[in-house]
Number of protein chains: 4
Amino acid sequence: MRLGMIGLGRMGANIVRRLMRDGHECVVYDVSPDAVAALAGDGAAGSESIADLAAKLEAPRVVWLMIPAGITGAVVDQVAEVLEPGDIIIDGGNSNYKDDVRRAAKLRERGIHYVDVGTSGGVFGLDRGYCLMVGGPDEAVSVIEPILRTIAPGGGEIPRTPGREGDLAPEELGYLHCGPSGAGHFVKMVHNGIEYGIMASLAEGLNILDNADAGIRESEHSAEVAPLEEPEFYQFTIDTPKVAELWRRGSVISSWLLDLTAAALDSNPTLDGLAGRVSDSGEGRWTIKAAVDVGVPVPVLAASLFERFASRGEDHYANQLLSAMRLQFGGHQELPAGDVLEAGSRKAESA
Amino acid sequence: MRLGMIGLGRMGANIVRRLMRDGHECVVYDVSPDAVAALAGDGAAGSESIADLAAKLEAPRVVWLMIPAGITGAVVDQVAEVLEPGDIIIDGGNSNYKDDVRRAAKLRERGIHYVDVGTSGGVFGLDRGYCLMVGGPDEAVSVIEPILRTIAPGGGEIPRTPGREGDLAPEELGYLHCGPSGAGHFVKMVHNGIEYGIMASLAEGLNILDNADAGIRESEHSAEVAPLEEPEFYQFTIDTPKVAELWRRGSVISSWLLDLTAAALDSNPTLDGLAGRVSDSGEGRWTIKAAVDVGVPVPVLAASLFERFASRGEDHYANQLLSAMRLQFGGHQELPAGDVLEAGSRKAESA
Amino acid sequence: MRLGMIGLGRMGANIVRRLMRDGHECVVYDVSPDAVAALAGDGAAGSESIADLAAKLEAPRVVWLMIPAGITGAVVDQVAEVLEPGDIIIDGGNSNYKDDVRRAAKLRERGIHYVDVGTSGGVFGLDRGYCLMVGGPDEAVSVIEPILRTIAPGGGEIPRTPGREGDLAPEELGYLHCGPSGAGHFVKMVHNGIEYGIMASLAEGLNILDNADAGIRESEHSAEVAPLEEPEFYQFTIDTPKVAELWRRGSVISSWLLDLTAAALDSNPTLDGLAGRVSDSGEGRWTIKAAVDVGVPVPVLAASLFERFASRGEDHYANQLLSAMRLQFGGHQELPAGDVLEAGSRKAESA
Amino acid sequence: MRLGMIGLGRMGANIVRRLMRDGHECVVYDVSPDAVAALAGDGAAGSESIADLAAKLEAPRVVWLMIPAGITGAVVDQVAEVLEPGDIIIDGGNSNYKDDVRRAAKLRERGIHYVDVGTSGGVFGLDRGYCLMVGGPDEAVSVIEPILRTIAPGGGEIPRTPGREGDLAPEELGYLHCGPSGAGHFVKMVHNGIEYGIMASLAEGLNILDNADAGIRESEHSAEVAPLEEPEFYQFTIDTPKVAELWRRGSVISSWLLDLTAAALDSNPTLDGLAGRVSDSGEGRWTIKAAVDVGVPVPVLAASLFERFASRGEDHYANQLLSAMRLQFGGHQELPAGDVLEAGSRKAESA
């Protein structure tokens, strides 16, 4: 079928390429004429404006937006201007699902369908396919099903879940109509919340392994914070890059994020150049707020988000206060600054 | 090579079978003569006692224990009685690594080698192979490498980590000599700690999805705890079994534990018969204690352990105290008991 | 000075009484004529409607609302109808500070001042005074300062903070102008978030003490979940009511919430009749959402909120999923239901 | 009565002074002759060695140790050498209760009583009295009750818990016999665990207040991490020192730790010179390990400990790994280093 794509960044361009490979026709637009030209060279129909893009589609027009969440609202408005009742706008970006709910209601008044598609797959999606979480009205989702089927990974080589039989269901092909407008980004949001938790689990565990030599370091440096109670049990110098690779094979925690961890550690075993200031995007935050709204306890997911905040120093004032209190009640002085660096060099020396 | 196996439960028996398939000879013993007979029928050499088993091996004897952690210490002592300097005892069970450190030191005095092997793979290991985390002296580990290689999954179909070249390293075949005695179970312990975190991440996230209909339920039941602030944003009835299946395809959180979750939800979509009283084994606890010992922050892993404690009602007294305090300072009465059941039936009705 | 009070529940009525004791004149209104009559009997001027109340005040009129947060918006609108530019509406309830920001902006257009007053003190406020956190424009707050001063506790017997000299500052008298409209409820919100954390700290700690006899119980019941590793260290039968009382005297954690805990435990040492289903009000939730918004890590405060959710069974689906996963990968069966009750009766028997 | 005190640091010396004020006789010893001389000048009987100290006491001798936990074991052995059956050793320091259990058993064989006394009160104890948590055999505790009564705060001006009548119970006077040897330090350990939680609650909450101006800073600095969604709600510049002072008056969270926080902020409102590297002593760690042992969920207390670990950079490797994973799956680059400092100077500029 024919699709209009607005936004030709890495994700948008790759989705267009994946669609064209499978025989779909794509009309493309981007604020960068170069981006348009590049895809036109690959077989897409270029366009010079949103109106031009719309003119090159036929009713019911299907326009996919793959643009930063910050400008999605404005672009949806512009696109709606040049569409007609029965047409479909797809937001494949990282919008807050609440915005989907609001936008869908507004567009519904004009007879335009709004479909939100949460898209997971990162830089590997062109070949691996994208996992698609879809929200929107039934009639619109059924119209776009052919393109969802192409963008999704398909059954592939993943072993079928025991007990499932017959034709592959959509969720087995990698796309799912999750519910009305907003449901797609809601499911994607929670997916990312889970991702934070899994990443943190791996990172915390490997951090323990990296410190399994505390008893060795302890014996060298006597003036530590809290003396290690049983240094004889922390005498291990663990090769974490090898352990990450090992766990990919037959272990209960094998996972794609572990694959990435193993790859990262293999290419940069000492993690040189990484300051450990971990960014977070909106989804992790929205997940916690949604859980709080509906009263679901998420201590693990929340802790994984807060670790990221703290990694960027956002715990600084709280920590100063703790030191200030300790100074008050016990006359306890702070450790001298610079111990972290020392700890780092200490490890480096013994490595 | 030839190996003695003590303990023919599911894990022990399957490891013997996997070894024999690959040409190794196994002498087996178990307190249950039936278990011995069953494996003898599959080609193993049965034995009637630990001494008998030892007599059927040749120096350096290699004896693998696959028995409950609670009796490992006693059995290690019995085995050591019938072994000679240069022989090797392997503990493949779930011992605390601290016990490994202690036992290895004791056996070292008698010239007997002690090797601890953390084994992951669950009920799927016979075919899939077991991920092996090994601790012990170099000379003993090199002796047993042929059997480790057989028990491990091997390279299999798992894509190689980008950048790795040449012959497959041991960790790529699924086994790794992690360090001296205790290191194997230490790494396995942390592996299980991570497992708790990943499981909790998935469970918490899916719980949010399961409650994404809070705004619908809210409108039906007006006397809720804390009124939902924006019910219009929680109008989704998400099919969590389908979502779990979907995420197996191309998403960032695809993992073996997600595969299991999808299988569990496909076979029992409403989780009938599960009370949600989650057990924990020693490894999750030891992980937290080790992290506390070495001063590594593990808020995510700890929260995942504490959730399990709470699932079994171990938070009861604390919660009573909270209600008692609220009663004191504000005259706040508790909610009537039974609301959980109501919530359950409510969901059932609307499903 | 003269004040109109709308809402004569426990808090509103007690504030009126405290004001009149100090010589202020109060015009009062409530939807319940009985509540109005009761306070009229104590010396207040009753009124029959909001309009009547307004008519009995003189410009600039000051109207204090002490009503449930759910109806505050509607009542503010009604009051604004009968006020004039320069008049002042005070919201002393538990509104979300975001609503304050919105309402203040709306009223500002009509020249009416809006002041939000976060009020802490519970049932003890009539005698002890209320801690007042105030948000609003300078000119309005200065008008109402006399009544703030009366409602607040004053300097009282609380020792002055070392280093402070001269006249007591407002914050030493128990009220503080924290910033523009919304700032009062914002500070009150965070206050309550902290309260959750302190309550949870006390409850968790006392729960450990209550289980310090695990080693005694262990020896009686062999088939426990995870065997206690060193039962010899958990042989204490701690009298938690006495410990709570003890800590009130000279310990670092002495606090009003500990006072309440001691009182609760003294009056009901076995916490009979408390199911441990802990409610939460909006402030605890808003605190976490605000922290997430501004990127401040609050693992402790969040954990204390999530404990309450879990105490009401909102972790049920997540826990079922964990059991379902365990069943999949290891064939692990759940513990039989009813163990909690058994645990309870066990303790009761041994007590 | 007569008491021997070994260890004349701040705590030991102050306890001796408090005892002598109340008429008790003290024989004192310290490795520093100057410390002995100083107290001798105040009326104590000095001694030149542990044997000398023992010789100056009469059976049953009572010797109180107030020394660092690290050397307590060795000194207990030395003291035991010069004591006789029926004599009493008191450990008033910060020992791990497990060491108490072990030491008491060893001394019991020689007929010597061992009493552990957890002591809370910090630098204020001389005047305020110390809260005493006592473990040991009944007959020994009853012997030393007169000195416990003197060291404890007594009833003082703290309002009596409603419902309590008649003579003040020991716990109302500030000391309590909690159980057999070890019980005192066990209760003290949990006390400190709670202290960590309360301190963290206050620090986290005040950190939110300190960042309530995020919407103002946001408008000045456009290239932030995750854009603030509703900057209009974070326009407050809160004076946290004043708020801490305010909450001391009539609020639900009034507490001694809040008093200290207010004092700290009043004397150093910008917390100059504090790097926020928060130390932890053994008790906080032991509390978490004890909770894990007995299966009690303590997410709040654990989070408060882990925050301290993270404040000292012990989360560094984990954070590097998170950044490494993000780089792998999305090509996400880290934020430039130095943003924390910028954030600090930014706040300073706007202050």
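Computed from a predicted structure; not experimentally measured. Naming convention: chains lettered A, B, ... in sequence-line order (proteins, then strands); numbering from 1 in each chain.
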[Y] backbone acceptor or donor facing [X] side chain under 3.5 Å:
X      : Y      : result
D:H191 : C:S251 : no
D:R248 : D:D259 : no
D:Q235 : D:P231 : yes

If you count heavy-atom pairs within less than 4.5 Å of chain C, which of [options] leads?
options                       : result
D:K98, D:E230, D:M189, D:E157 : D:K98
D:P162, D:C178, D:G182        : D:G182
D:A169, D:G156, D:G205        : D:G205
D:A203, D:G295, D:A303        : D:A303
D:G155, D:S254, D:G179        : D:S254
D:S304, D:G174, D:P299        : D:P299

Considering only heavy atoms, which portion of [X] lies under 4.5 Å from any heavy atom of chain C: side chain, backbone, both, or neither?
X      : answer
D:Y196 : neither
D:S267 : neither
D:S181 : backbone
D:N207 : both
D:E232 : backbone
D:V298 : both
D:L132 : backbone
D:Y234 : side chain

Exercise. Evaluate the criterion salt bridge (Lys or Arg N to Asp or Glu O under 4.0 Å) for residue pair D:R164 and D:E171; output intermediate values, then yes/no.
Key: CA-CA 12 Å; D:R164 282 185 173 264; D:E171 63 267 25; 3.2 Å; yes

Any side-chain heavy-atom pair of [X] and [Y] under 4.5 Å:
X      : Y      : value
D:V292 : D:K289 : no
C:Y97  : C:V187 : no
C:L173 : D:R249 : no
C:L301 : C:I288 : yes
C:K242 : D:E172 : no

Heavy atoms only, distances under 4.5 angstrom: which of [options] has the most pairs with chain D? Name it, please.
options                        : answer
C:K188, C:M133, C:R102, C:E229 : C:M133
C:L206, C:L202, C:T237         : C:L202
C:I158, C:L257, C:V101, C:T287 : C:I158
C:L258, C:D239, C:L209         : C:L209
C:A302, C:A152, C:G197         : C:G197

Quiz prompt | Closest non-hydrogen atom pair between D:A214 and C:V294, with its separation | solution =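 Scanning both residues, the minimum pair turns out to be CB-CG1, 3.7 Å.
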
Exercise. Write down the atom of D:D167, the atom of D:R160, and the distance for their closest heavy-atom approach.
Key: O-NH2, 3.1 Å

Self-check item: D:F236 and C:F186 aromatic ring geometry - parallel, tilted or perpendicular at 30°/60° bounds
Solution: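 Tilted: the ring planes of C:F186 and D:F236 meet at 30° to 60°.
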
